[in-house]
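Below: one structure, written as structure tokens.
All heavy atoms count here, side chains included; hydrogens, waters and symmetry mates do not.
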Amino acid sequence: PLAQMVSPVLRIPWFRRLFMPVLRAGFVRSGFPKSVPDSAYVETMHMVAGIDFHRHRKHLEQMDAPCMVAWADDDPLVETSISMGLAAAANPGPRPSFSEGGHNLQKTMAVELAEHLKRWWMKG
């Protein structure tokens, strides 16, 4: 919802210049490095605004394959309730959750995720 409101106004050059410090600070507070260029933050907002989460969930419910869903409670971008909802809708599979790990579990919890996948694979 926030991205859907902000994305259109970021296309207005004078507003983008005015709003960039706030946008940048929000991303940095969420754990992104200060070295990320402003254009990447703007593009991220446009991409997120374009995600149709309802349709994504419908596709997830229609999948005919096992599915691992993992999340961290301290993810600053995706609320735990969203991850848990998707996990409930997805086909059975591992559901590792972590109290810490942020938004990029594939980096922060790579070893732990690999262990979950390995145990899952060995059962099958």
How close do [X] and [Y] get, counting heavy atoms only, and between which atoms?
X	Y	answer
His103	Pro76	N-CD, 4.1 Å
Leu105	Leu113	O-CD1, 3.5 Å
Met5	Val9	O-CG2, 4.0 Å
Ala3	Val48	CB-CG1, 3.7 Å

More than 12 heavy atoms from other groups under 6.0 Å of [atom1] on [X]:
X	atom1	result
Glu100	CD	no
Met63	CE	yes
Glu79	CD	no

Test of understanding: with salt bridge (charged side-chain N to carboxylate O under 4.0 Å, His left out), list the residues that count as partners of Glu43, not counting sequence neighbours.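 Salt bridge (charged side-chain N to carboxylate O under 4.0 Å, His left out) check on Glu43 returns nothing, list empty.
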- Query: Which residue pairs pass the ring-ring contact (aromatic ring centres under 6.0 Å, His included) test with at least one member in residues 5-29, sequence neighbours excluded?
  - Reply: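 Matches after skipping sequence neighbours: Phe15-Phe19, Phe27-Phe32, Phe27-Tyr41.
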- Item | side chain to side chain contact (heavy atoms under 4.5 Å, CB included) evaluation trace for Met109 with Asn104 | CA-CA 8 Å; Met109 304 303 281; Asn104 294 304; over 6 Å; no
Is it possible for you to say whether Val111 and Trp71 belong to one hydrophobic cluster, with membership spreading through side-chain heavy-atom contacts below 4.5 Å?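 Different clusters.
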To the closest 0.5 Å, what do you measure between [atom1] ([X]) and [atom2] ([Y])?
X	Y	atom1	atom2	answer
Arg55	Leu60	CZ	CG	14.5 Å
Leu23	Met45	CG	CE	5.5 Å
Glu61	His56	CD	NE2	10.5 Å

Query - Main-chain N/O of Leu117 paired with Arg119 side-chain donor or acceptor, under 3.5 Å - result: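 It does not hold such a pair.
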Practice prompt. For Val42 and Arg11, run side chain to side chain contact (heavy atoms under 4.5 Å, CB included): C-alpha distance rounded to whole Å, both residues' side-chain angles, the deciding distance at 0.1 Å, then the answer.
Written response: CA-CA 9 Å; Val42 171; Arg11 297 185 190 285; over 6 Å; no
